[in-house]
**Student:** 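Before we start, here is the structure in question, set down as C-alpha coordinates.
Order of the sequence lines fixes the chain letters, A, B, ..., with proteins taken first and strands second; residue numbering starts at 1 for each chain.
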Amino acid sequence: MAESEAWREKAARIRSVVRRVPRGQVATYGDVAEAAGEDVTARQAGRALKGAGGAARLPWHRIVAAGGRIALPGDAGLEQRMRLEAEGVPFSGRRVRIETCRWKQAD
DNA sequence: GTTATGACTCGTA
DNA sequence: ATACGAGCCATAA
(Lines give C-alpha, C1' and ligand atoms only; values in the text may rest on other atoms or scores of the structure.)
Protein backbone atom coordinates (compact mmCIF):
# COMPACT_ATOMS: atom_id res chain seq x y z
CA MET A 1 0.00 0.00 0.00
CA ALA A 2 1.20 3.45 -0.82
CA GLU A 3 -0.66 4.97 2.08
CA SER A 4 -0.86 3.39 5.49
CA GLU A 5 -4.01 3.54 7.53
CA ALA A 6 -2.50 5.87 10.11
CA TRP A 7 -1.24 8.31 7.53
CA ARG A 8 -4.57 8.37 5.70
CA GLU A 9 -6.39 9.40 8.88
CA LYS A 10 -3.76 11.95 9.74
CA ALA A 11 -4.05 13.45 6.27
CA ALA A 12 -7.82 13.52 6.67
CA ARG A 13 -7.50 15.50 9.91
CA ILE A 14 -5.13 17.90 8.21
CA ARG A 15 -7.48 18.49 5.29
CA SER A 16 -10.35 18.94 7.71
CA VAL A 17 -8.43 21.68 9.50
CA VAL A 18 -7.60 23.40 6.24
CA ARG A 19 -11.26 23.28 5.30
CA ARG A 20 -12.12 25.28 8.45
CA VAL A 21 -9.88 28.19 7.53
CA PRO A 22 -12.23 31.10 6.79
CA ARG A 23 -12.06 33.18 3.67
CA GLY A 24 -9.73 36.13 3.89
CA GLN A 25 -7.50 34.47 6.44
CA VAL A 26 -4.46 32.22 6.24
CA ALA A 27 -2.70 29.64 8.39
CA THR A 28 0.83 28.31 8.37
CA TYR A 29 1.73 24.66 7.93
CA GLY A 30 2.82 24.64 11.54
CA ASP A 31 -0.54 26.01 12.66
CA VAL A 32 -2.44 23.43 10.67
CA ALA A 33 -0.23 20.67 12.04
CA GLU A 34 -0.82 21.78 15.59
CA ALA A 35 -4.57 22.07 15.08
CA ALA A 36 -4.66 18.64 13.44
CA GLY A 37 -3.00 16.84 16.33
CA GLU A 38 0.15 16.60 18.40
CA ASP A 39 1.51 13.77 16.29
CA VAL A 40 1.31 15.90 13.16
CA THR A 41 4.28 17.90 11.92
CA ALA A 42 4.46 20.83 9.53
CA ARG A 43 6.02 18.64 6.86
CA GLN A 44 3.10 16.26 7.08
CA ALA A 45 0.71 19.16 6.62
CA GLY A 46 2.44 20.08 3.39
CA ARG A 47 2.62 16.46 2.31
CA ALA A 48 -1.12 16.03 2.88
CA LEU A 49 -1.92 19.05 0.73
CA LYS A 50 0.33 17.98 -2.10
CA GLY A 51 -1.92 16.30 -4.63
CA ALA A 52 -5.04 17.27 -2.69
CA GLY A 53 -5.14 20.62 -4.48
CA GLY A 54 -7.77 20.74 -7.19
CA ALA A 55 -8.85 17.20 -6.39
CA ALA A 56 -10.98 18.34 -3.45
CA ARG A 57 -12.90 21.44 -2.40
CA LEU A 58 -9.96 22.44 -0.30
CA PRO A 59 -8.79 26.01 0.31
CA TRP A 60 -5.19 24.91 -0.10
CA HIS A 61 -4.25 28.45 -1.11
CA ARG A 62 -4.88 29.64 2.46
CA ILE A 63 -1.96 27.63 3.73
CA VAL A 64 1.41 29.34 3.65
CA ALA A 65 4.82 28.69 5.17
CA ALA A 66 6.09 30.30 8.35
CA GLY A 67 6.20 34.08 8.20
CA GLY A 68 3.64 34.22 5.40
CA ARG A 69 6.07 32.97 2.79
CA ILE A 70 4.69 31.21 -0.27
CA ALA A 71 6.17 27.72 -0.24
CA LEU A 72 4.43 26.46 -3.35
CA PRO A 73 6.87 26.61 -6.31
CA GLY A 74 6.23 27.55 -9.90
CA ASP A 75 2.88 28.52 -11.39
CA ALA A 76 0.98 27.05 -8.47
CA GLY A 77 2.62 29.63 -6.23
CA LEU A 78 1.50 32.43 -8.52
CA GLU A 79 -2.03 31.07 -8.52
CA GLN A 80 -2.02 30.82 -4.74
CA ARG A 81 -1.00 34.44 -4.42
CA MET A 82 -3.63 35.50 -6.95
CA ARG A 83 -6.36 33.64 -5.07
CA LEU A 84 -5.31 35.12 -1.74
CA GLU A 85 -5.32 38.62 -3.11
CA ALA A 86 -8.77 37.94 -4.53
CA GLU A 87 -9.95 37.10 -1.01
CA GLY A 88 -8.59 40.34 0.37
CA VAL A 89 -5.55 38.89 2.09
CA PRO A 90 -3.01 41.68 2.53
CA PHE A 91 0.38 41.19 0.96
CA SER A 92 3.69 42.74 1.73
CA GLY A 93 5.85 42.26 -1.32
CA ARG A 94 6.09 38.57 -1.93
CA ARG A 95 4.81 37.64 1.52
CA VAL A 96 1.42 37.57 3.18
CA ARG A 97 0.99 39.93 6.12
CA ILE A 98 0.57 36.91 8.33
CA GLU A 99 0.44 38.93 11.55
CA THR A 100 -2.76 40.66 10.48
CA CYS A 101 -4.68 37.85 8.82
CA ARG A 102 -3.43 34.76 10.59
CA TRP A 103 -6.21 32.30 11.37
CA LYS A 104 -6.75 31.23 14.93
CA GLN A 105 -8.82 28.20 15.84
CA ALA A 106 -10.92 30.48 18.00
CA ASP A 107 -12.55 31.86 14.87
C1' DG B 1 18.56 -1.77 3.35
C1' DT B 2 20.32 3.40 1.60
C1' DT B 3 19.89 7.91 -0.72
C1' DA B 4 17.59 11.83 -2.55
C1' DT B 5 13.81 15.02 -2.66
C1' DG B 6 10.20 18.05 -0.97
C1' DA B 7 3.82 22.89 -0.35
C1' DC B 8 8.42 22.74 6.79
C1' DT B 9 10.77 25.31 10.57
C1' DC B 10 14.45 27.11 13.24
C1' DG B 11 19.06 28.66 14.34
C1' DT B 12 23.27 30.58 12.80
C1' DA B 13 26.43 33.12 9.62
C1' DA C 1 18.02 39.88 2.86
C1' DT C 2 20.19 35.34 1.36
C1' DA C 3 22.59 30.79 2.34
C1' DC C 4 23.39 26.60 4.93
C1' DG C 5 22.74 23.07 8.16
C1' DA C 6 20.04 20.14 11.41
C1' DG C 7 15.82 17.96 12.69
C1' DC C 8 11.76 16.32 10.72
C1' DC C 9 8.75 12.71 7.95
C1' DA C 10 6.51 10.35 3.63
C1' DT C 11 7.66 8.84 -1.14
C1' DA C 12 10.35 7.37 -4.90
C1' DA C 13 14.32 5.19 -6.94
**Student:** With sequence neighbours excluded, tell me which residues meet salt bridge (charged side-chain N to carboxylate O under 4.0 Å, His left out) with Asp75(A).
**Tutor:** none
**Student:** Could you give the distance separating dA7(B) and dG7(C) at their P atoms, to the nearest angstrom?
**Tutor:** 23 Å
**Student:** Spell out, as yes or no, whether a donor-acceptor pair under 3.5 Å connects the side chain of Thr28(A) to the backbone of Asp31(A).
**Tutor:** yes
**Student:** Can you measure from OG1 (Thr100(A)) to CZ (Arg102(A)) and round to the nearest 0.5 angstrom?
**Tutor:** 11.5 Å
**Student:** Please state how far atom CZ in Arg47(A) lies from atom P in dT9(B), giving the value in whole angstrom units.
**Tutor:** 16 Å
**Student:** What is the separation between atom CG on Leu58(A) and atom P on dA7(B), rounded to the nearest whole Å?
**Tutor:** 16 Å
**Student:** Between Gln80(A) (side chain only) and Ile63(A) (backbone N and O only), is there a donor and an acceptor less than 3.5 Å apart?
**Tutor:** yes
**Student:** Is there a chain of hydrophobic side chains (I, L, V, M, F, W, Y, each step under 4.5 Å between heavy atoms) that links Trp103(A) to Leu84(A)?
**Tutor:** no
**Student:** For the side chain of Thr41(A), starting at C-beta, report the closest nucleotide among dC8(C), dT9(B), dA7(B).
**Tutor:** dC8(C)
**Student:** Could you state the interatomic distance from CH2 (Trp60(A)) to CD (Glu79(A)), rounded to the nearest 0.5 Å?
**Tutor:** 4.5 Å
**Student:** So, Gln44(A) side chain and Thr41(A) main chain: donor-acceptor pair closer than 3.5 Å or not?
**Tutor:** yes
**Student:** Is any NZ, NE, NH1 or NH2 atom of the basic residue among Glu9(A) and Arg13(A) found under 4.0 Å from an Asp or Glu carboxylate oxygen of the other?
**Tutor:** no
**Student:** Is the distance from OP1 or OP2 of dC9(C) to the nearest side-chain N or O of Gln44(A) less than 4.0 Å?
**Tutor:** no
**Student:** For DNA chain B, which residues in residues 18-38 of chain A have a heavy atom at a distance below 4.0 Å?
**Tutor:** Thr28(A), Tyr29(A), Gly30(A)
**Student:** Roughly, in whole Å, what's the span from CD in Glu9(A) to P in dA10(C)?
**Tutor:** 14 Å
**Student:** What is the distance, to the nearest angstrom, from the NZ atom on Lys10(A) to the C1' atom on dA10(C)?
**Tutor:** 9 Å
**Student:** If you take any heavy atom closer than 4.0 Å to DNA chain B, which residues from residues 82-98 of chain A end up in contact?
**Tutor:** none
**Student:** Count the heavy atoms belonging to other residues, nucleotides or ligands that lie under 6.0 Å from CD of Glu87(A), then report whether that count exceeds 12.
**Tutor:** yes
**Student:** Can you tell me if the side-chain N/O atoms of Trp7(A) get under 4.0 Å from OP1 or OP2 in dT11(C)?
**Tutor:** yes
